[in-house]
Amino acid sequence: MTAYLIQRLLSMLLSLLGVSILVFWMVHLIPGDPALMILGERANEAALQELRQQMGLDQPKAVQYARFLSDLSRLDLGRSFRTKGLVAEEIGRHFPPTAELTLAAMLFAIVFGILAGVISAINRGGFWDFATMFGALAGVSIPIFWLGLMLILLFAHQLDLFPVSGRLDALLDLEIERRTNFMLLDTLLAGNLAAFADAVWHLILPAVTLGTVPLAIITRMTRSSLLEVLNQQYITTAYAKGLSQWIVVGKHALKNSLIPVITVIGLEFGYLLGGAILTEHIFSWPGIGSWLLKAVEARDIRPIQGGVLFIAALFMSVNLIVDLLYAYIDPRIRIQSAAV
Amino acid sequence: MGIGIENSLIDGYWSLLRHHRSALVGMIILTVFVLISVSVPFLVTHRPDEADISKRLAPPSRTHWLGTDRVGKDVYSRLLYGSRISIKIGLVAVAGSVLIGSLFGLLAGYYGGQIDNLLMRGMDILLALPSVLLAIVIVTILGASLTNAIVAVSIVYIPQYARILRAAVLKVKELEYVLAARAVGASDWHILLTVVIPNCLAPLIVQATLGMGAAILDAAGLSFLGLGAKVGQPEWGLMLRDHFTLIRQAPWTVLAPGLAIFSMVLGFNLLGDALRDILDPQVKTT
């Protein structure tokens, strides 16, 4: 297990190094002079030259990359030329809203995905199976930005059940001190239950939008995995003992069938981090996705570099954790990796 | 393998496909889109760039079947022109990633060693980023345009095909008939083209069909974020971007393009899933 962990950590570091090279090269690949982009068209040559020196752009590429890595090791991701703020601090501020949204989307996808998958599997070939499978296929085919808009149109504009955008009602927002920037947590810490309920209310439509694709994939995976387990002899034995379907499925089959589902859940976290960019854009959610998008629009290179590296590191860490969890749950993998 | 046997195999698959419910629905949807895209000039009621500002945001009517947009352009006609763009995006992006990905996979699997290491580490870097984010990075470097969005989407999906081909090559490489072909002096490329590639066509076809849907979705997403099609192009994602703030006033401007993307992607996914059922016996359990 330790050998497996070390091997995985090393390959993750290698990939991260690769991403850092890609991100470093972005500055040189983007057409135009970075100094000119920062100071604007009207800057004089002396100021441009000074900034180029400051940024190390006059140094050889290898030196620049070494400097980039050494800054990175101190978590110094530079400053945004648009907001003048430190990139690392901005990531710290914008990550909690994204994490909150992603976790809520995942919770929605896991709960309803497993439920729908089970219903589909035990009704194999029947109407509910067909309906669920068609729903799942529609879920992976729908553009999530359009789904979000449709949810806003129906539930916010027509039925007036949910807010259109944002994380909290503007008036309540004034009362809440941002300690963690996780809105659910901050409202609870403030002991303001009305604000907590309002934060949950604001979270529902974005979370459903973002969670739809993982929901569809988890549903399909749960169904096929459960069907495979239901064909095993021990399940026949359980039925032969006279146990009810709910006990056989709930107690004997589901647990074993969830092992591959966990891998899918892990992989979907990566999707969520990407999908969050679109979802945050629609719902004016102040997370890392919409922050990164603003940086891209302004070609603000430091936040783009920092944001991409941060998301890549996060994505790879989640994958690593899922793999370890998988090995922990499934003893066969543990034994295999021990043998490596 | 004789030509007669090949033909009967194709006939067999075709018959399976025709009798597969979701394959049939998928094929019908896609046929409708292809027919629309080739006969656009006969079907439209207005030119896609014809704007009548006095009729802006007009609801569906007899002259404007799906209403007009914020500058008074006919939504129905633009939607039809958009089908051409989306099909082009899907075809070009997937063709690019299949060609490059397959080449990388073939080289990595067949030659192994350093080449394999180098290529597959490169693929790992591409896989280290969520696909939307990677596409955004590439478009940022290349500049925002529809062509660059297609290039970006194409690059994003290269690793999938590289992995499929590499795995297939590794499996086939040591088979006796490949060793026999090599023993009688067949060249590497001859073996790759006549033995290896035909053996990995099935997973490649499945992945490419599903990939078309994914490419169309991703490219529409990039346009929606303002990183794809240029202002004025009748691209579905861009039509959504231009009107999503008007959703309350003029819902038809948002409903139609979204439904179009959804149905085209659904068509590819239905067909792709069916092809997987038919061509890959391993997943037939479901």
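Chain letters run A, B, ... following the sequence lines, proteins first and then strands; every chain starts at 1.
Of the listed residues (B:F268, B:F224, B:F244), the greatest number of heavy-atom pairs within a distance under 4.5 Å of chain A belongs to B:F224. Listed options A:L17, A:V296, A:N319, A:V23 were ranked by heavy-atom pairs under 4.5 angstrom with chain B; first place goes to A:V296. Contacts with chain B were tallied for A:H281, A:M316, A:Q158, A:M12; A:H281 has the most, counting heavy-atom pairs under 4.5 Å. Considering only heavy-atom pairs separated by less than 4.5 Å from chain A, the leading option among B:L129, B:V132, B:T245 is B:L129. Interface remark: of the candidates B:L266, B:L134, B:I216, B:L266 forms the most heavy-atom pairs closer than 4.5 Å to chain A.
Other residues, nucleotides and ligands contribute at most 12 non-hydrogen atoms within 6.0 Å of the CZ atom of B:R21.
To the nearest 0.5 Å, atoms CG (A:L22) and CD1 (B:I141) are separated by 5.5 Å.
Nearest heavy atoms, B:P130 versus A:L273: CG-CB, 4.2 Å. Heavy-atom minimum distance, B:L240 versus A:F145: CD1-CE1, 3.5 Å. A pairwise comparison of heavy atoms in B:L217 and A:S141 identifies CD2-O, 3.8 Å as the closest pair. Taking both residues in full, the closest heavy atoms of B:I125 and A:G18 are given as CD1-CA, 3.3 Å, listed atom of the first, atom of the second, then distance.
With a threshold of 4.5 angstrom between heavy atoms, B:I247 approaches chain A through its backbone and through its side chain. Neither the backbone nor the side chain of A:L314 comes within less than 4.5 Å of any heavy atom of chain B. For a residue to count as touching a neighbouring chain, one of its non-hydrogen atoms must lie under 4.5 Å from one of that chain's; by this rule B:L259 touches chain A with backbone and side chain alike. Heavy atoms closer than 4.5 Å to chain A are found in both the backbone and the side chain of B:T140. If you measure heavy-atom distances from B:L270 to chain A, the contacts under 4.5 Å come from both the backbone and the side chain. Contact annotation for A:F315: only side-chain heavy atoms (C-beta onward) come within less than 4.5 Å of a heavy atom of chain B.
Scored by the ring-ring contact (aromatic ring centres under 6.0 Å, His included) test, B:F104 finds no partners at all (sequence neighbours excluded). Residues meeting the side chain to side chain donor-acceptor pair (under 3.5 Å) test with B:Y157, sequence neighbours left out: B:D218.
Proximity of A:W146 to B:I261: side-chain heavy atoms (C-beta onward) are nowhere separated by under 4.5 Å. Taking the side chain as every heavy atom from C-beta outward, B:L133 and A:L292 approach each other to under 4.5 Å. Using a 4.5 Å cut-off on side-chain heavy atoms (C-beta onward), B:L255 and A:M150 make contact. Counting heavy atoms from C-beta outward, B:D273 and A:R220 have side chains that approach closer than 4.5 Å.
Residues of residues 144-155 of chain B placed with any heavy atom under 4.5 Å of a heavy atom in chain A are absent; none qualify. Within residues 131-139 of chain A, the residues having any heavy atom under 4.5 Å from a heavy atom of chain B are, by residue number, A:F134, A:L137, A:A138.
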Do B:L225 and A:L293 pass the side-chain contact (heavy atoms from CB on, under 4.5 Å) test, and can you show the C-alpha distance, the side-chain angles, and the key distance before you say yes or no?
CA-CA 8 Å; B:L225 293 175; A:L293 196 65; 3.6 Å; yes

